[in-house]
Undergrad: 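Questions regarding the structure given below will be posed in turn.
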Amino acid sequence: MPTGPSPTSPSSVDRTSWRRGHLRSLQSHGRRAANDGAAGGRSCWWRNNGGVARWVLHVDLDQFIAAVEVLRRPELSGRPVVVGGDGDPTKRGVVSTASYEARAHGVHSGLPLRTAARRCPEAVFLPVDRDLYEDVSSQVMAALRSLGAVVEVMGWDEAFLAVDGDPEEMAREIRERVRAATGLECTVGIGQNKLQAKLATGFGKPAGIFRLTGETWFEVLGDRPADALWGIGAKTAKRLKGLGIGTVRDLAAADPAALADAIGPTIGPWLVRLAQGRDDSPVSDAPYVPRSRGRETTFQRDLDDWDDVRREVARLARRVARDVTADGRQIARVVVKVRYAPFITQTHGRTLDAPTVDPERIEEAALDVLDAFAGRRPVRLLGVRAEFAR
DNA sequence: TCTGGGGTCCTAGGACCC
DNA sequence: TCTGGGGTCCTAGGACCC
């Protein structure tokens with residue numbers, strides 16, 4: 001997990017109905033652009049074509065989950081607050097969000113709760129309360145929509161807006177409206193596209209406004225490591241380093257064809273465009289249509305008995321079926337995930353003979369797929385995912 | 001101190017068909 | 001007897017993000 005000036009936002013537990021997989025959609029936008037808008041909603045390109053919005057704003061709530069918890073318990077203000085798991089730092093689980101006071105002790109998103117407790121014993125540990133965050137998030141998004149711009153929701157605590165006019169003035173207005181509606185602080189990144197806006201936000205934190213454009217791109221980012229970019233993680237950064245590409249500037253100057261060979265036909269060339277700050281995906285408020293729905297659990301104690309494993313898979317499958325039939329979507333494929341005790345993860349799946357909404361057939365398929373797992377070692381995690389017919 | 005849960009998309013290899 | 005390509009579909013794994 002990058003620390004320091006990395007512009008990634010604090011990670012948070014997510015909500016299923018929100019737009020995801022955004023990065024790869026930036027990659028494949030060229031191919032999918034024709035379909036955008038088919039689902040309804042408005043799209044705005046930030047380029048100045050015919051009076052369409054010229055600026056993209058990225059709004060990111062500051063330490064969202066921790067801030068929401070402090071909001072309902074003001075006595076926690078100024079104290080290190082760590083939200084994650086069920087709030088018991090002796091159990092298996094990771095940090096969803098740490099307040100800035102806790103981050104000063106080296107506690108960050110994704111850190112095991114036990115480690116967080118060692119680093120910051122005086123922290124207040126709280127359980128994740130999804131319903132609350134969803135409520136507050138809705139208030140935030142309503143406040144953003146009140147400005148009349150196209151709003152693309154990116155999770156509980158993030159959104160893009162396509163705007164015209166003075167972007168700094170708009171950013172100040174956004175910060176005021178969000179504060180008035182919820183009492184929360186946010187940071188606004190301004191860019192000529194979503195990529196620039198998203199990265200700008202990291203430099204404005206906390207509670208600030210930052211503008212990043214094609215003109216300032218290399219001045220701001222050129223000397224930073226490639227994983228400062230949105231979409232490049234530790235693994236890809238390491239691979240790039242092996243190719244002699246360390247910084248954003250290096251990557252921007254790399255040969256797309258060479259990277260296509262080395263990394264992959266789609267991702268290779270896309271990385272170069274990323275490093276150049278180029279992105280022509282639209283800001284869109286088209287309703288999000290999920291591709292899959294799943295449930296998974298990490299057990300507090302590993303499961304030794306395969307009968308228990310079968311029972312748990314059946315339970316997860318029924319939960320998924322319940323979730324899914326609520327939206328009336330047809331299931332085309334069922335995937336089971338098993339994480340064995342030393343954190344070795346395997347998945348197996350099956351495409352159904354015909355799409356179904358029948359909970360029994362989903363459970364049956366999941367148990368069927370479970371038989372494909374040969375190992376009988378202790379199990380740490382089980383998951384079931386249903387993929388929708390498209 | 002072991003490493004959550006919710007997702008998306010890409011890749012590579014094999015099967016199969018023409 | 002040996003040897004093609006191209007296309008599509010499926011599967012498991014991997015990388016990344018919130």
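Source: prediction; values computed, not measured. Each chain gets a letter, A, B and so on, in the order its sequence line appears, and its residues count up from 1.
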Undergrad: Mapping A:Gly264 and A:Gly93 onto DNA chain B by nearest heavy atom, which one lands closer to the 5' end?
TA: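 Here A:Gly93 is the residue nearer the 5' end.
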Undergrad: In terms of base orientation, is B:dC2 syn or anti, with the syn window spanning 90° either side of 0?
TA: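 With its glycosidic angle within 90° of zero, B:dC2 counts as syn.
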Undergrad: Check every atom of C:dC18, B:dT11, B:dT8 against the side chain of A:Glu158 and return the nucleotide holding the closest atom.
TA: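 Output: C:dC18.
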Undergrad: Between atom CG in A:Asp157 and atom C1' in B:dG6, what is the gap in whole Å?
TA: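 A:Asp157 atom CG is separated from B:dG6 atom C1' by 14 Å.
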Undergrad: Which nucleotide in the list B:dT8, B:dG6, B:dT1 gets nearest to the side chain of A:Ser292?
TA: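 So the nucleotide nearest the side chain must be B:dT8.
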Undergrad: Round to the nearest Å and state the distance from A:Arg295 atom CZ to B:dG6 atom C1'.
TA: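 Whole-Å distance recorded here is 10 Å.
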Undergrad: Heavy atoms only, 4.0 Å cut-off, all strands: where does A:Ala234 land among base, sugar-phosphate and nothing?
TA: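 Sugar-phosphate contact only.
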Undergrad: Would you write the dot-bracket representation of DNA chain C, where each base gets (, ), [, ], | or . depending on whether it forms a Watson-Crick or G-U pair under 3.5 Å and with which partner?
TA: ....||||||||||||||
Undergrad: Base, sugar-phosphate alone, or nothing: which one does A:Gly294 contact when heavy atoms must sit under 4.0 Å apart?
TA: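 Since only primed, P, OP1 and OP2 atoms lie under 4.0 Å of A:Gly294, the category is sugar-phosphate.
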Undergrad: Say whether A:Glu215 and A:Thr213, considering side chains only, have a donor N or O and an acceptor N or O under 3.5 Å apart.
TA: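 The answer is no; no qualifying pair exists.
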Undergrad: Which pairs of donor and acceptor atoms, one on a side chain in residues 114-121 of chain A, lie under 3.5 Å apart (sequence neighbours left out)?
TA:
{"residue": "A:Arg114", "atom": "NH1", "partner": "A:Thr90", "partner atom": "O", "Å": "2.7"}
{"residue": "A:Arg119", "atom": "NH1", "partner": "A:Gly106", "partner atom": "O", "Å": "2.7"}

Undergrad: Once you round it to whole Å, what is the distance between C1' of B:dG5 and CZ of A:Arg92?
TA: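 Distance check: A:Arg92 CZ to B:dG5 C1' gives 15 Å.
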Undergrad: Are side-chain N/O atoms of A:Thr247 and A:Asp250 paired as donor and acceptor at under 3.5 Å?
TA: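 Short answer, yes.
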Undergrad: Would you tell me if any nitrogen or oxygen in the side chain of A:His348 comes within less than 4.0 Å of OP1 or OP2 on C:dT11?
TA: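 For C:dT11, OP1/OP2 do not have a side-chain N/O of A:His348 under 4.0 Å.
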Undergrad: Expressed as a whole number of angstroms, how long is the span from A:Leu274:CG to B:dC9:C1'?
TA: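 Result: 15 Å.
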Undergrad: Decide whether a cation-pi geometry holds between A:Arg278 and A:Trp217; the criteria are a distance under 6.0 Å from NZ or CZ to the six-membered ring centre and an angle within 45° of the ring axis.
TA: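 Because its charged atom misses either the 6.0 Å distance or the 45° angle limit, A:Arg278 does not stack over A:Trp217.
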Undergrad: Under the side chain to side chain donor-acceptor pair (under 3.5 Å) test, which residues partner A:Thr345, sequence neighbours left out?
TA: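 A:Thr345 satisfies side chain to side chain donor-acceptor pair (under 3.5 Å) with A:Arg339 only.
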Undergrad: If I pick the P atom on C:dC17 and the same atom on B:dT3, what distance separates them, to the nearest angstrom?
TA: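 It comes out at 23 Å once rounded to the nearest Å.
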Undergrad: Ignoring backbone atoms, test whether A:Arg333 places a side-chain nitrogen or oxygen under 4.0 Å from the OP1 or OP2 oxygen of C:dT11.
TA: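 Yes, within the criterion.
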Undergrad: Given B:dG7, B:dT1, C:dA12, identify the nucleotide with an atom nearest to the side chain of A:Thr347.
TA: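 Closest of the options to the side chain of A:Thr347: C:dA12.
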Undergrad: Heavy-atom count around A:Arg301 CZ within 6.0 Å, excluding the residue itself: above 12?
TA: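 Not more than 12 within 6.0 Å, no.
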Undergrad: Is it the case that one hydrophobic cluster holds both A:Leu274 and A:Trp230, taking links as side-chain heavy atoms less than 4.5 Å apart, direct or via other members?
TA: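 Yes, because A:Leu274 and A:Trp230 connect within a single hydrophobic cluster, where side-chain heavy atoms sit under 4.5 Å apart.
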Undergrad: Between C:dC18 and B:dC2, how far is it from one C1' atom to the other, in whole Å?
TA: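 To the nearest whole Å, 22 Å.
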Undergrad: If you pin A:Thr298 and A:Pro265 to their nearest nucleotides in DNA chain B, which one's is more 5'?
TA: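 Looking at DNA chain B, the more 5' nearest nucleotide goes with A:Thr298.
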Undergrad: Is the ring of A:Phe343 stacked on the base of B:dC2, with centres less than 5.5 Å apart and planes under 30° off?
TA: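 By the stated criterion, A:Phe343 and B:dC2 do not stack.
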Undergrad: What do you reckon, is CD of A:Gln139 surrounded by more than 12 foreign heavy atoms closer than 6.0 Å?
TA: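 Yes, the 6.0 Å shell around CD holds more than 12 heavy atoms from other groups.
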Undergrad: Could you work out which one of B:dT1, B:dG4, C:dT11 sits closest to the side chain of A:Ser96?
TA: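 Looking only at side-chain atoms, A:Ser96 lies closest to B:dG4.
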Undergrad: Run the salt-bridge test on A:Arg350 and A:Asp371 with the 4.0 Å N-O cut-off and return the result as yes or no.
TA: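 Judged by the 4.0 Å cut-off on N to carboxylate O distance, A:Arg350 and A:Asp371 do not form a salt bridge.
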Undergrad: Would you kindly give the NZ-to-C1' distance between A:Lys235 and B:dT11, to the nearest whole Å?
TA: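 For the pair A:Lys235 NZ and B:dT11 C1', the rounded distance is 16 Å.
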Undergrad: Compute whether any side-chain donor of one residue and acceptor of the other, for A:Thr187 and A:Asp62, lie under 3.5 angstrom apart.
TA: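 Present: a donor and an acceptor within the cut-off.
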Undergrad: So A:Tyr133 and A:Trp156, would you call those rings parallel, tilted or perpendicular, with 30° and 60° as cut-offs?
TA: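 Rings of A:Tyr133 and A:Trp156: perpendicular, as their planes differ by over 60°.
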Undergrad: If you count heavy atoms of other groups shown closer than 6.0 angstrom to CD of A:Gln300, is the number above 12?
TA: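 Atom CD in A:Gln300 is crowded, with more than 12 foreign heavy atoms closer than 6.0 Å.
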Undergrad: Base, sugar-phosphate, or nothing: which does A:Gly85 touch, judged by heavy atoms less than 4.0 Å apart?
TA: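 Nothing: the residue A:Gly85, judged by heavy atoms under 4.0 Å, touches no strand.
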Undergrad: Under 3.5 Å, which N/O atoms of the protein pair with N/O atoms of nucleotides 13-17 of chain B?
TA:
none

Undergrad: Residues from residues 366-386 of chain A sitting under 4.0 Å of DNA chain C, heavy atoms only?
TA: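 Contacting residues: none.
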Undergrad: What residues, two or more places apart in sequence or in another chain, satisfy side chain to side chain donor-acceptor pair (under 3.5 Å) together with A:Glu185?
TA: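 Residues passing side chain to side chain donor-acceptor pair (under 3.5 Å) with A:Glu185: A:Arg175, A:Arg179.
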Undergrad: As a test of reading the structure: which of B:dT1, B:dT11, B:dG5 is closest to the side chain of A:Thr266, going by heavy atoms?
TA: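 In terms of side-chain proximity for A:Thr266, the closest of B:dT1, B:dT11, B:dG5 is B:dT11.
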